[in-house]
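Report on one structure; see the data block that follows.
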Amino acid sequence: MQRPPIAAVALGLLAALASLIPIGYLLLRLFEGFEAALAELARARTLELLLNTIGLTVSVSLTALAIGAVQAWLTVRTNLPLAPVFAVLATLPLAIPSYVLALGYLSVFPWFSGFWAAWFTLSLATSPYVFLALSAALISSNFAAEEVARSLGKNRWQVIKSVTWPQVRPAAFASVLLVALYTLSEFGAIALLRFDTFTRAIYNAYRGSFDRTSAAALALVLVALTLVVIYFERRYRGDRWQAPTASGRKRRIDLGRARILAAVGLGIIGLFGAGVPVVSLIGWSVNQTGFDLLRLGELVASSLAVAIAAGVVIGIFALAISVWNLRYSSRLSGAVDLTAWAAHALPAVVVALALVYFGANLVPGIYQSIWLLLLGYLILFLPNALGLVGTPIALVPRSIEEVARSQGLSKNAALTKVVLPIALPGILAGVALASLTVLKELPATLLLRPNELDTLATELWQATEVLAYSQAAPYALALIIIAGVPALALNAQARKLISEVS
Amino acid sequence: MKLRGALALTLLPILLLSGCSVEDDALLVYSGRSEALLGPLVEKFEQESGLDVEVRYAGSAELAAQLLEEGENSPADVFLAQDAGALGAAAKAGLLTGIPDEIYSLVPSGYSAADQSWVGVSGRARVLVFDPGKVSELPASIFDLEDASWQGRIGIAPTNASFQAFVTAMRILHGDARTLAWLEAMKVNAVIYEKNGAILEAVEAGQLDAGLINHYYWYARAKDVGQAQMNSRLAQFQAADAGNLVNVAGVGILNSTDAAEQFVSFLLSETGQQYFAQETREYPLVEGISPADELTPLADIPTPAIDLSDLDTLAETLELIRQAGLI
């Protein structure tokens, strides 16, 4: 057993400690009012919330999986016309904050609310996570095995089920985990669409009654739910990261006449996921009079600065944990990885208030400075980057590293000179995804930002708070356009690979 | 080299951002009122007083939650909130140091905390907004909305702080049992919205017949589109019931310095009061300053006899709203 690099261990432990802050804070609040918390949990309403939350999480996860899988399979494996265009379309909802997506629909269809509205919105908003993971996995899967199975008389559906699916299952499960935890923690869209989940109840407990005990009790149920979801993901995802076998020529499947139908289907999904909200935002913007471009420029600059800084910080920590847990795996590294995930379903307001408590009382030096904000983003979004950074690091064959070491490179040099360059696209993708998520984040940004630091998201909030949708629209559009840059960067990788498949 | 470039790229924005940290000598105001509204007034105050003010903008409830977590170590000097509930929460936690007599006495006692922990700055009345084409007979009392004829026609926002304050007032005036019955009737009759503004939009768009909102939402929209363009109208209930509650936006001091007191007196000065009256169409609270012309004078609203400091039993109110299945 080799010893992992010190830096990776140090950063990994630091990240795990950071993720423990909100959980520790919740336990503190819980024990302050243990009986009140128990009473809160024993209410019939808690069960109703639990069923609502589980129902929404399961249905959104399955739908996002279905949408993402179909999009990935069609764009990567078939002779779908304009495949790269559809790949971009499939990634685009990632650039739209889910509350903006909900707002876009609400402004056109005021009756849009309840379970189905929440399911519809969140499924569209989260399907890109599945698409990105599955399209990458499908490309590196074994095409030859599928052709063999075909030649043995299996039909296309049987091939997908028995040959393709087992190969991409780990990637699919990892992305569905992100989708499930996203749904558990989502507040903005859920509140606008008026569907009751744990997260909405937690927000109401804080805002309506300043009742920190019942909020903590509910939030801890969310942590428990998260652990259950993670357990199932780890149990059933199958053997992780099989290194792809060389697979000869990659041929696309001829869909025949169905290719037009497939294109129309993907076009409709794209229309729902990105078209409708963007068009309704442009509609509002047109009604807009007297708009301050200079102010918009400032906001774009500060949003970008925060997002890039946070993305790189998160990327560094994700890299450390991935290297440690995937190449020098131990029980401790597994625990660190799990801890990073455990807080991921917590609503941002809980993480933010935990850091307010922590910052104001224990480390006032960094309170209301950029550092505490970055710490908040790290806790919230480290798991988003972990998946993307981890996959390529796990896939670099150990034999390559061993060859490098036999040539006299030290352990760390082998890592930085051989493994990391191969994994670089994945690392950058992790940074891009983290930056993108930070750009869209609102509740934690509001509570943790330095005084008088405004971003596009906070300005958007200010504008909708006074409820002038027309004033909010340009900021929302700017946010989507900027978030579109990392979204396209993420997509570029997929598109390049798609074009390699002939 | 690439790696070093990337690191430099990260450090640059961090350095830029850490430049905008707190100036220690500035007065720090936590504001639950929006920057668009408060910003110009703060600038005016800075010019007149020569003091530096920094403002942290967020929702009133979020800021109250933030103050509670910060506790004794809060860097904030002044807390300006949209509603009495958020101020009450801060006061209850012992975070507010109290308003000096000469400032407190400017506002009639009904609009501030009885224990002098905070003072009201501007008033907002609960009103019925309605579509005159669809509502021919106005309800005389909030309880008339229980009638089956209102089914699917009235909009409410149960998660909104103003709505919750109004329900608290109803509990104080009529008791929990009567309030629960009203809420249960609303479960049947009402259409649920997240915000007051959304209710107004729905009534304006002809999708909803009437709704319970705060008066200034209507005037803000009227200012945007022109009063003549408004399809909806406002009405008060004739009975002096909770439906006519006049709640306040108020201010409390966390760190009693001369600068904090100057800021609070500025909000209650002629300039400050006129600003709120004209910009937001809220009711100025200091005696002798009249509200914008088109408003029903405060004295003409049949307001219920309520001490706003009693509106701090939100937990029980939420319990009832939940029990009725509205949130």
Within 6.0 Å of NZ in B:K134, more than 12 heavy atoms from elsewhere
yes
Side chain B:Q66, main chain A:V356, donor-acceptor under 3.5 Å:
no
For B:E70, all residues meeting side chain to side chain donor-acceptor pair (under 3.5 Å), sequence neighbours excluded
A:Y367, B:Y30, B:S74
Starting at CG of A:N451, measure out to OH of B:Y57 and round the result to the nearest 0.5 Å.
11.0 Å
Chain B: which of A:L353, A:L446, A:L193, A:T416 shares the most heavy-atom pairs with it under 4.5 Å?
A:L353
What part of A:D196 lies closer than 4.5 angstrom to a heavy atom of chain B: side chain, backbone, both or neither?
side chain
Derivation of the side-chain contact (heavy atoms from CB on, under 4.5 Å) call for B:L28 and A:Q368
CA-CA 12 Å; B:L28 179 55; A:Q368 293 183 350; 4.0 Å; yes
N/O donor-acceptor pair under 3.5 Å between A:E452 side chain and B:V55 backbone
yes
Test your reading of the model: is there a side-chain donor-acceptor pair from B:N73 to the backbone of A:L362, 3.5 Å cut-off?
no
Measure distances from A:L448 to the heavy atoms of chain B and classify the residue's part below 4.5 Å as side chain, backbone, both or neither.
backbone
Residues passing the side chain to side chain donor-acceptor pair (under 3.5 Å) test with A:N412, sequence neighbours excluded, are none
Okay, B:A65 and chain A: the region with an atom under 4.5 Å from a heavy atom over there is both
Any donor-acceptor pair under 3.5 Å linking the side chain of A:R449 with the backbone of B:R56?
no
Could you tell me which portion of B:A86 (side chain, backbone, both or neither) has an atom closer than 4.5 angstrom to a non-hydrogen atom of chain A?
both
If we only count heavy atoms from C-beta on, is the B:E35 to A:T458 side-chain gap below 4.5 Å?
no
Does any heavy atom of chain B fall under 4.5 Å from the side chain of A:Y25, the backbone, both, or neither of them?
side chain
Smallest separation among heavy atoms of B:L68 and A:R212, with atom names
O-NH1, 3.5 Å
